Each structure stands twice: as C-alpha cells, then as structure tokens.
K.L.:
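Structure in structure tokens, see below.
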Amino acid sequence: MNHSDNRPDPQDSLAHEPAAGSLSARARAAVAPQSPYLNGLNPEQRAAVEATEGPVLVLAGAGTGKTRVLTTRIAHLIATGKAQPWQILAVTFTNKAAREMRERISHVIGEVAEGMQWLGTFHSIGTKILRRHAELVGLRSDFTILGTDDQLRLMKQVIEAEGIDEKRWPARQLASHIDGWKNRGLGPDQVPAGEAGAFANGKGGRLYRAYQERLKVLNAVDFGDLLLECLRLWREHPDILEQYQNRFRYMLVDEYQDTNVAQYLWLRLLAQARKNLCCVGDDDQSIYGWRGAEVDNILRFEHDFPGATVIRLERNYRSTGHILSAASGLIAKNQGRLGKTLRTEDEPGEKVTITGAWDSEDEARLIGEEIEAFHAKKHPLSEIAILVRISAQMREIEDRLVTLGVPYRVIGGPRFYERAEIRDALAYLRVVNQPADDLAFERIVNTPKRGLGDATIQVLHNHARAARVPLTEAARFIVETDELKPKPRATLRDLLISFGRWSKLSETMTQSEVAQTVLEESGYTDMWQKDKSADAAGRLENLKELVRSMEEFPDLQSFLEHVSLVMEANESDTAERVSLMTLHAAKGLEFDTVFLPGWEEGLFPNQRALDESGRAGLEEERRLAHVGLTRARRRAKIYFASNRRIHGLWNSTVPSRFVDDLPETNVEIVEAPANFSYGGYGGGSRFDRMQPFSGSSYQTPGWQRAQAHRASSEDGGYSARRSGDRRGPMLIEGELVAKSTGGSGFAVGGRVLHTKFGPGTIEAVDGNKLTVEFDKAGRKMVLDSFVEALG
DNA sequence: CGGAACGTCGTTTTT
DNA sequence: CGACGTTCCG
C-alpha cells in the first residue's frame, strides 16, 4: 500500500471536481500544447495512448513498449484534463510493477503522479475499498490479512472441528480448492455441488463455509477475499458500486492475460458504467493458468466489451532478429492465441544455439564455462541470466558456479514477509496490537520454546471454543485455575503479563522501539542468536531490517498492512552477478545473454502440466518457452541433457519438442567441446546424441492421455445472492467475560465430571470458575467449560 | 515436551 | 537424492 493513503481523498472532502471539458480542464490541457510526451512513440503506441474513450485492448508482445504505453496513456489523461489523478484506476499484479509505473509516470508529469491513489495491485486496491466499507461485509475496518501459513492453520482447525481426519484430507488440498473457488469468484453458496462434494466425502462446501465463518470471527480475510468481498459488497450495495463507477473515469489494467475470473468480474462491475477500460496484455505470455489466470479473459475481450478497439504492438525493441524469429516460430505452434507477429528493425544478430550435454552435470559445466568465457570478454555478469523450469534444477548449476567462483544471485525464493522469522515477529506485534488475534497468538505462544506445547494449547482451545472467547482471553482465565500443571501455568501467566506490558509500551515508544523491545524480552532474538545453523545470522539481519523499516510508518496498524501485502526483500543488489531464476520469475525482465537449460521432454514441457491440463497445459508450457527466449536481447542459448536425475534416480531423456518447434534458419546446433568425456558412449560423434532434431521421435504418454478440458468457469455471474445468514462478528473484545457460563446450572454440592480429573463435588462457584473436590484428584479450581454436570 | 529416527513425496507461486 | 512432516522414545 502506498503512503499516500493517509492523504485525504479530494473527492471525499471537496465538492469541486472540474468536469472534463470544463474551462479549467481545457486551460490545463492548453498548458502542454505539443504534448511532448507523445514524441518518440510509434504509430501503434500512439494510437493506444490516444484512444482514451471506450474499451481498448492493447495486445503488447514481449519488448514492444507496453509499460511505456501504459504510463504515457495515464500522463495523457491527466495532461489533457480528461481526468484528475485520483479519478484513474490503474491496476497491476505486483507491487513492483505498481511502483515502477508510479515512478515512470512521475518522470513524465512530475509529482502530480503522487495524487494517483488508485494505482496499485488488485489486492491493495481491494483492501483499501474493503476497509472503507468493512462493516457491510461483516468485518471491522482493522481486519487482518492472513498469509498462506495462517490460512493453512485455520483450515486445519476447521477440518478437525468437523471431525474429519486431517491426514486423509489434508488442509493443503482444501486450501487449493478454496483458492480455486475464490479465483473464480465463487462464494461458499455458489460452488457447484459436484465440486463442493469432491473433498472429504461431500463436506467440501461445508468446510468452505465454516472457514469463511471463522475468518469473520477472527476479523480476518485471506488474499482471495480481498477481491471476493468487494464483489459481494458491490452486488449487495449497488449504491456503493455506483460511487466507485463514478469515481473511476478511466481504468487501466496491466498484464491482463493474468487476470482470473474474480478479477475479471471485479473489473467488469466497475467498468459497466463508463466503459473506459483499457487492458494491456499478451496472450502469448500467459503463464499462470495453474494459478487461476484465465487466458480466456483476454481472448474474449472483444466479445465482452462490444465495440472495443484492439491495438497490436508488434514492433519489438529488445531482441535481435534471430531470437525474435525463433520465439515467433515457436509460439506460432500454439492454437489458442489471438496472433501477433513480432518484428524488429535490429540486425539479425547471433542465432539461437542448441547444445546437447551428456547429463545435467555436464550441462552445468558447459554453462559455467561459457559464463567464464563471457566474463573474460568483459561481458557484464549482471547481463547474464540462467532460466530454469523448476527450482530443483538450480542446485547443480549453483554448485558449479560456486566451484568456478562465478558470483550469482537467485531471484525469486521466499518473499521477505513469508520467511519464518518475519512471520513470527509479526505475530508478536499482531498480538500486542490486537490480543484477540488467535492465529498470531498460537504461532508464537511456544516460539521460542517455552514449554507451552500441544497439551497446553489444547486446553486453551477447549476453553476458548466453549466460552467463545479468543485464546488470550481463555488463557487469562485458565491461569487462575488448576487446569494446567504448575510449570506451564506459570509460564503462560508470565507471557500474558508480558503482553500486557508490551501493549502499554506503544503509549510511550515508537513502534519500532516497541518491536525491538518485544523481540528481545520475549527471547525471540535470543533464540536465533543461540541458533548456530548457517542461516541464523541472515534471519537476525532480516529482523533488523524489519524493525528498521517500521520507522517509516505512522502507526503499527499501517505497518502491519504494508507488510502483509507489499513488503519484499531488497533485491536491488547492483553487484556484478549472474542471475539464476525460474522462467516464471523471469517474466518482465531482460538480459543480453540468456541460458536456457533443461529443454527435455518431461521437464520442459513439464510432464505434470501435460498430464493435468493436456493441450492447454502444453500450450502454456510453450508460452513459457516463448517468455524465456524473449528475455534475451542478444543471445539465447538452449541446452538439453541426455541423462538427468529425477527423484534421485537417473533417467535418460529426449530433447524437448520445443527444440523442434524452432525454425531451422534461426538456430545453430553447437557441439559440446571435445574435452568432455561422455561416459560410456564409445567414440561416436556427439551429434548422434542430438538426433531427435531430425526426426521428432517423441511420444509422451501423458500428452496423448490427458485431454481433460478444464470446465470453463464462466458461471457464477451476477445473479447469485448470498443468503442473508451472515452472522455478526462474534469477536469479543477487551474485558468481556465469557457469556456462555452464567447460570449454567452449576451449584454448590452438584456432582460434575471433569475431562481430566474425573468426578467430583462442587464446593464453590465464582463466575465461570468452580472449586471442586475431586474424588481422586483432590481439590482443584477449574473452569466450567471443562466439566459436565452429572445427572 | 523436545530431539532423533523414520516415512513420504516430489512444478511453476505476482498477492 | 534430500526436504519435509510425522512418529517414537527418553
């Protein structure tokens, strides 16, 4: 979330809004009569910038100046007075893209870009909207955004609460179902019965509903909800939808090929009124289908928005001729595409090379040596990338680079805020900020290890569930009783006291000081200092970075939001290093020289993609290959190995069919240097092993097998209405005493059965606390939720 | 309750 | 093969 959030929205406070075409707007337009920002655009780009009215689809091939069009278009809208910065909705997928776009707009039009408060990711904009109307969807405006790990823990609880064996029906699987439903814009009541039944013998739908209810109780949402709840808000409150439709005079979407159904519906609702929606994307770069992205969204654009202007950007400014032709020839093999022909005016340059290696180790060695050679020729290492299909390929390559002493960096990896130490630290702060945050509390109650293990947590849970109070609240009661053994009881009490103390700190300290104190006093920093594993130092460093970054925020609340949505590791390392990453992570980047190892059937195209999604899967894999090639400016080098270890055992492999998809004129087969010993293969030319070029002899079983077409998921339109059975938030705050207890029929002298201590006689009643003389265990103070009356 | 021995299962991952 | 989670024992 950007920092301009706290600035008042001019539309909220001021009535004055210069209408398009008004005097002031025209005067403003006249300030820049020449529109210098339009200079240097090619005719298609310029058309895309100037076609401001109505639906527009810009099909922007790789390296055709997509971002430039987007930013110039925004600048144009503002400079001509067609819209004020805050009347433009500009959506991206990543925070990085949003940040870059903001920067580039500033370059064109100066600090006016600061007023663009609706430039951000789908999720950050969704959050902003939801916070304003949280009560209408059963949340409070300070709701928490859950990360994947919290989601999983919550689902596990829901599964167990339904009495389902979590081992047979893993939470991960439920998570992916729910994720899929949310991606398609389906709430618990809209999931097709057949699908809902697929999990846990027909309980899938019920679990989804239960999960959503738990989220509401916790005043929390997951990533999917940030969009889904907006949809619900707008459908149930048309007046609010209308507000936003009026506000957003112009809408722009980046990477449209990656939108899922929920995002599509979200956009369509907003665009319905004014229809000034401009989507920029490239169907040939859609590589996130498995994550819910619907290529169909882009393929169907003209149908969904009748009268749409479609503009193709086909002039490539990035790659040399052979690379571009190779990539074009490859992608032309795909059926489901809108079709573009990339062209360049650059020289043909070097052909794409194809090199066969004996095994993956040789492949790594070859790449390593070529990089060394480039380095010797003063080729900057930062302009070299190695792009792999799966992360598992990285290890061997890394090993080789380390041996050779070639500096490299891995791009991708776990995001900053996903790292355990960061999530832990945040959990502490969340509890300090909001003691009712059960998920956070559970996460750190025994981190560092303080002897509050499963048994203790179970006791807390029992009471919390029975009394319908948050865990911390439950804990507060329990430490007053004998439910826990003395040691955990004392530990838990100390912890609660600490949290009480930490909460007060924020009255006198800045939040980064609070964080520092909490992390130290809780023993968390100690834990890592004592840890002698290799990455402990890095984790401490990350924690420091976290504390440092907190200083920039006005309060803990806004920091927590930033971190759950936006925060990322500072990758802006300008050092001279080779970049190593997956093909997915490479999208949007470019390098002079790109190495593409592992072009083998089964690995790339990946067997699993083929098995699961058939032809669609193959085409997505091919798009991935296309993305890989088009990352290269001057040199693309493809490799395959004849032998590769898969799951520990060696398999002999066949070059990828994608190799055969490349036009012959643009590629060059390179023989591996002669000094390699190709173990076991007597004397023959190494070309023998590259045979598959001549005859396409692949016969992947899974490729034929799986033609299963994923159910086209365009249902769930607008008609679906939530039954109004939503319960108000049950979150019980502050001092509230457990309700379920009062007058629950326990009286002095009554006989009760305790879950642990067995039968006994009540000696005294104090609220929900009972003093019981147990037949075997003696006299104990217990909570009513742990006993039942004996008739 | 926590460390050590077992078993399991293997893509890609913007938020 | 090796990273992870689960189980089992002290």
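Here is the naming used below: chain letters follow the sequence lines, and residue numbers restart at 1 for every chain. Given the structure is predicted, the values throughout are model-derived calculations rather than measurements.
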K.L.:
Given that both distances must come in under 3.5 Å, which nucleotide forms a Watson-Crick or G-U wobble pair with B:dC9?
P.N.:
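B:dC9 is paired, partner C:dG2.
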K.L.:
When the aromatic ring centroids of A:Y244 and A:H133 are compared, is their separation below 6.0 Å?
P.N.:
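Centroid separation for A:Y244 and A:H133: below 6.0 Å.
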K.L.:
Which one, B:dG10, B:dT13, B:dT15, comes nearest to the side chain of A:H584?
P.N.:
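From the listed options, B:dT13 comes nearest.
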K.L.:
Evaluate whether the aromatic ring of A:W290 and the six-membered ring of the B:dT12 base sit under 5.5 Å apart, centre to centre, with an inclination under 30°.
P.N.:
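Yes, A:W290 stacks on the base of B:dT12, since the ring centres sit under 5.5 Å apart and the planes are within 30°.
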K.L.:
Expressed as a whole number of angstroms, how long is the span from A:I390:CD1 to C:dA3:C1'?
P.N.:
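These atoms are roughly 14 Å apart.
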K.L.:
What nucleotide, of B:dT15, B:dG2, B:dT11, holds the atom closest to the side chain of A:K449?
P.N.:
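Per side-chain heavy atoms of A:K449, the pick is B:dG2.
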K.L.:
Counting heavy atoms from C-beta on, name the nucleotide in B:dT11, B:dC1, B:dT15 closest to the side chain of A:N95.
P.N.:
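Ranking B:dT11, B:dC1, B:dT15 by closest atom to the A:N95 side chain puts B:dT15 first.
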K.L.:
C:dC1, C:dA3, B:dT15: which one has an atom nearest the side-chain heavy atoms of A:R645?
P.N.:
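Nearest listed nucleotide: C:dC1.
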K.L.:
Between A:W599 and A:F604, does the ring centroid distance fall short of 6.0 Å?
P.N.:
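Distance test on ring centres: under 6.0 Å, yes.
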K.L.:
Going by atom types alone, do A:T259 and A:N297 pair a side-chain donor with an acceptor below 3.5 Å?
P.N.:
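The answer is yes; a qualifying pair exists.
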K.L.:
Taking syn as a glycosidic torsion within 90° of 0 and anything else as anti, which one is C:dT7?
P.N.:
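C:dT7: anti.
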K.L.:
Can you say whether the rings of A:F122 and A:W266 are parallel (under 30°), tilted (30 to 60°) or perpendicular (over 60°)?
P.N.:
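Ring orientation, 0 to 90° scale: perpendicular.
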K.L.:
Of the options B:dT15, B:dT13, B:dG3, whose atoms approach the side-chain atoms of A:F223 most closely?
P.N.:
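That would be B:dT15.
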K.L.:
What I want to check is whether an N or O donor and acceptor connect the side chain of A:R291 with the base of B:dT15 at under 3.5 Å.
P.N.:
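For A:R291, whose side chain was compared with the base of B:dT15, there is a donor-acceptor pair (under 3.5 Å).
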K.L.:
Separation of A:Y288 atom OH from B:dT13 atom C1', in whole Å?
P.N.:
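So the two atoms are 6 Å apart, to the nearest Å.
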K.L.:
By nearest atom, which of the nucleotides B:dG3, C:dA3, B:dT11 is closest to the A:A609 side chain?
P.N.:
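Side chain of A:A609 sits closest to B:dT11.
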K.L.:
Side chain to side chain contact (heavy atoms under 4.5 Å, CB included) between A:V295 and A:E619: does it pass, once the steps are laid out?
P.N.:
CA-CA 11 Å; A:V295 214; A:E619 297 213 338; over 6 Å; no
K.L.:
Cation-pi check for A:F143 against A:R131: NZ or CZ below 6.0 Å from the six-membered ring centre and within 45 degrees of the axis, yes or no?
P.N.:
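Checked: cation-pi criterion met.
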K.L.:
Quick check: closest heavy atoms across A:K156 and A:A171, and the distance to 0.1 Å?
P.N.:
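Scanning both residues completely, I find the closest heavy atoms to be N-CB, 4.0 Å.
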K.L.:
Compare side-chain N and O positions of A:T582 against OP1 and OP2 of B:dT13 and report whether any pair is under 4.0 Å apart.
P.N.:
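Result: yes.
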K.L.:
Which sits closer to the 5' end of DNA chain B, A:G648 or A:D454, going by the nucleotide each is nearest to?
P.N.:
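Counting from the 5' end, the first nearest nucleotide belongs to A:D454.
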K.L.:
Verify whether the ring centers belonging to A:W181 and A:Y208 lie closer than 6.0 Å.
P.N.:
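Close enough - the centres of the two rings lie under 6.0 Å apart.
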K.L.:
Closer than 4.0 Å, any side-chain N/O of A:R395 to the OP1 or OP2 of C:dA3?
P.N.:
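Yes, within the criterion.
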K.L.:
Please confirm whether the ring centroid of A:H584 lies under 6.0 Å from the ring centroid of A:W290.
P.N.:
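Between A:W290 and A:H584, which both carry aromatic rings, the centre distance is below 6.0 Å.
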K.L.:
Can you check the distance between C:dG5 and B:dT12, where both ends of the measurement are the P atom (answer in whole Å)?
P.N.:
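About 16 Å, rounded to a whole number of Å.
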K.L.:
Please produce a list of atom pairs where a protein N or O lies less than 3.5 Å from an N or O of nucleotides 4-10 of chain C.
P.N.:
{"from": "C:dT7", "atom 1": "OP1", "to": "A:K167", "atom 2": "NZ", "distance (Å)": "3.4"}

K.L.:
Taking donor-acceptor contacts at under 3.5 Å, does the side chain of A:R389 reach the base of B:dT11?
P.N.:
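Under the 3.5 Å cut-off, the side chain and the base do not form any donor-acceptor pair.
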K.L.:
What are the residues of residues 439-446 of chain A, sorted by number, that bring a heavy atom to within less than 4.0 Å of DNA chain B?
P.N.:
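Those residues are A:N446.
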K.L.:
Mind checking the P distance from C:dC4 to B:dT13? Whole angstroms is fine.
P.N.:
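The answer is 15 Å between these two P atoms.
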K.L.:
Can you see if the side chain of A:T92 gets near the phosphate of B:dT14 - specifically, an N or O under 4.0 Å from OP1 or OP2?
P.N.:
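Answer no for this pair, as no side-chain N or O of A:T92 is under 4.0 Å from OP1 or OP2.
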K.L.:
As an exercise, state the distance from OG of A:S141 to CZ of A:R132, rounded to the nearest 0.5 Å.
P.N.:
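Spacing of OG (A:S141) from CZ (A:R132) equals 11.5 Å.
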K.L.:
B:dC1 phosphate, OP1 or OP2: any side-chain N/O from A:T456 under 4.0 angstrom?
P.N.:
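Yes.
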